2 protein chains.
Amino acid sequence: MIRKDLTPAMEDYLKGAYLLRERGEDITVLALAEALKVTPPSVTGMVKRLAGLGLIEHTPYRLIELTPAGTAVALEIVRHHRLLELYLAEFLGMAWDEVHSEADRLEHHISEDLEERIAERLGQPAIDPHGDPIPARDLTLPERDLVRLSALRPGVQATIARVSNQEPGLLHYLGTLGMVPGAVVTFVEVAPYGNVVTVKVGAGKGAVHSIAGEVASRVLTMPTSDEVAAPH
Amino acid sequence: MIRKDLTPAMEDYLKGAYLLRERGEDITVLALAEALKVTPPSVTGMVKRLAGLGLIEHTPYRLIELTPAGTAVALEIVRHHRLLELYLAEFLGMAWDEVHSEADRLEHHISEDLEERIAERLGQPAIDPHGDPIPARDLTLPERDLVRLSALRPGVQATIARVSNQEPGLLHYLGTLGMVPGAVVTFVEVAPYGNVVTVKVGAGKGAVHSIAGEVASRVLTMPTSDEVAAPH
DNA sequence: CTAGAAAATTAGGTAAGCTTAACTTCGGTA
DNA sequence: TACCGAAGTTAAGCTTACCTAATTTTCTAG
Ligand SMILES: [Mn+2]
Ligand SMILES: [Mn+2]
Ligand SMILES: [Mn+2]
Ligand SMILES: [Mn+2]
């Protein structure tokens, strides 16, 4: 398996496909086009090229799938991305809402040697600033099962483990509320009308904040108590 | 002056042109082609495009020149390159013969924000691991006048200030001899035939090494004594 | 002052990666 | 079961950045 020399564009498509699957979504032409901010014909063309390289499996008009080789490339790029994010936050003081765009460019240009040096400085970390898992050197991933903040029952306490969204605006907003990975929150209530949930942030008599349901659903938590999620 | 959005290729041509001039050489199509490892027609084409952007001045079949705007772009990239080299050496333990190729790719992809954070961690440095001057934030350059090791007189003591060559092989070789920026050397003699010079490396009773004249001419020094250079 | 060689340019072509416009296919509803 | 809209593909074309082969210009040596 001496395949390398992929272009940044190819790497981005493979990573995009991988991240869709990570979120449990189907890998479709349209979903990829939206994720990469290109038009559908661009995706069709690139999918053909990547299929020719054995990195993607595709029959026209059907769903797209990554081959094991394609998954390996994607994991390699995801590892670069998340290591860079953590390094930039940890050693260069970048905010968690700034690291994504920087890492998105650099991920394609660091050598395997530099990747390893960065991982070493960070102590071979498993989690990035957003709580996203970092693939290990052998490309294996730690599994955790997390519960959406929006799916907790009133009264349940949980630790924020991951925010599965990279928009700087949203991340900055959550940061100002103290809702970052590691923070403890308690679910208070869901509004009877409209899609709003109220949570207490902090262990003791923390501040109470109401956030949109769409936001709460991007915040993944590890519940502390036993009665975990709300039914349905 | 809101011109930006140059491609990595464009930045490399501008940087290449700048580095030729830094070494006192003419900027010709052939020299650029060799520096960038492309063919002459590629240079002709790119020079036209850059001239169209006002970054290069060129009349067909004559010498190429950077405009002030082109020089500014080149200095910005050189700053990125040399800051990255120093950062990689200083904070990530890379050897001075490994940093160049890594920096050559990353220089095009770091944001101005990251550039500034790196410069800050390094204490706004003026010199990179090879002794090359780092353009300041305002793109000004410190001037030093240095003497080629090959041009010293026997008996003269000098401090190595810069090695103007990036080949990993040569750098590694000089490293094993202890001939790195900051090292003190004493010129011993030049061989009566062939192009070989002998130097003592180290302040006290240092080791004596003979190196090729072409190598010694890439090693730039700051003489300690007054009787500086050999005549002619 | 005029050959030739060296340097540079032009001509013609490829490949990646993107676009818009026009089409085909698929799958769910009436 | 036939239609219709959404999803996907094909067609045609653009830009960047390379290449090789052919041609033109310049400069130098005789
Ligand atoms: Mn990317
Ligand atoms: Mn992340
Ligand atoms: Mn470069
Ligand atoms: Mn350098």
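The analysis underlying the following values was restricted to heavy atoms, covering all of them including side chains, and did not include hydrogens, waters or symmetry mates. For clarity, every value in this text was computed on a predicted model and none was experimentally measured. Each chain gets a letter, A, B and so on, in the order its sequence line appears, and its residues count up from 1.
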**Request:** Report the distance from atom CG of B:Asp26 to atom P of D:dC27, rounded to the nearest whole Å.
**Result:** 12 Å
**Asked** Got more than 12 heavy atoms from elsewhere within 6.0 Å of CD, A:Glu57?
**Response** no
**Prompt:** Within the structure, does a side-chain N or O atom of A:Lys48 lie under 4.0 Å from either OP1 or OP2 of D:dT9?
**Reply:** no
**Asked** Expressed in angstrom and rounded to an integer, what is the separation of A:Leu30 atom CG from D:dG8 atom C1'?
**Response** 9 Å
**Prompt:** Which nucleotide, D:dC19, C:dT20, D:dC18, lies nearest any side-chain atom of A:Pro41?
**Reply:** C:dT20
**Asked** A:Val29 side chain: which of D:dT9, C:dA7, C:dT9 is closest?
**Response** D:dT9
**Request:** Can you tell me the distance, in whole Å, between the CG atom of A:Leu63 and the P atom of C:dT25?
**Result:** 19 Å
**Message:** So, OP1 or OP2 of C:dA7: does either fall under 4.0 Å of a side-chain N or O from B:Thr28?
**Reply:** no
**Item:** B:Met46, nearest nucleotide to its side chain (from C:dT9, D:dA17, C:dC18)
**Value:** D:dA17
**Message:** In whole Å, I'd like the distance from the CD1 atom of B:Ile64 to the C1' atom of D:dT26.
**Reply:** 15 Å
**Prompt:** Does B:Ser42 have a side-chain nitrogen or oxygen under 4.0 Å from the phosphate oxygens OP1 or OP2 of D:dC18?
**Reply:** no
**Request:** Round to a whole Å and report the spacing from CG of A:Asp12 to C1' of C:dG17.
**Result:** 12 Å
**Request:** Would you mind reading off the distance between A:Leu14 atom CG and C:dG17 atom P, rounded to a whole angstrom?
**Result:** 11 Å
**Message:** Under 4.0 Å from OP1 or OP2 of D:dT16: is there any side-chain N or O of B:Arg49 that close?
**Reply:** no
**Item:** Whole-Å distance separating the CD atom of B:Glu34 from the P atom of C:dA6
**Value:** 14 Å
**Prompt:** In this structure, are over 12 heavy atoms from other groups packed under 6.0 Å from A:Arg148 atom CZ?
**Reply:** no
**Message:** Under a 4.0 Å threshold between the charged nitrogen and the carboxylate oxygen, would B:Asp12 count as salt-bridged to B:Lys37?
**Reply:** no
**Complete:** note: B:Asp5, atom CG; D:dT16, atom C1'; distance rounded to Å ~ 14 Å
**Request:** State which of D:dG8, D:dT10, D:dT24 makes the closest approach to the side chain of B:Tyr61.
**Result:** D:dT24
**Message:** Both A:Arg62 and A:Val38 contact DNA chain C. Taking the nearest nucleotide for each, which residue is further toward the 5' end?
**Reply:** A:Val38
**Request:** With heavy atoms under 4.0 Å as the rule, sort B:Pro40 into base, sugar-phosphate or nothing.
**Result:** base
**Asked** Within a strict 4.5 Å, meaning less than it, do heavy atoms of the A:Leu122 and A:Phe91 side chains meet?
**Response** yes
**Prompt:** Reckon B:Thr39 touches a base, only the sugar-phosphate, or nothing at all at heavy-atom distances under 4.0 Å?
**Reply:** base
**Prompt:** D:dT16 phosphate, OP1 or OP2: any side-chain N/O from B:Tyr13 under 4.0 angstrom?
**Reply:** no
**Message:** Here's a test for you: under side-chain hydrogen bond (donor to acceptor under 3.5 Å, both in side chains), which of B:Arg82, B:Glu85, B:Arg162 qualifies with B:His130?
**Reply:** B:Glu85
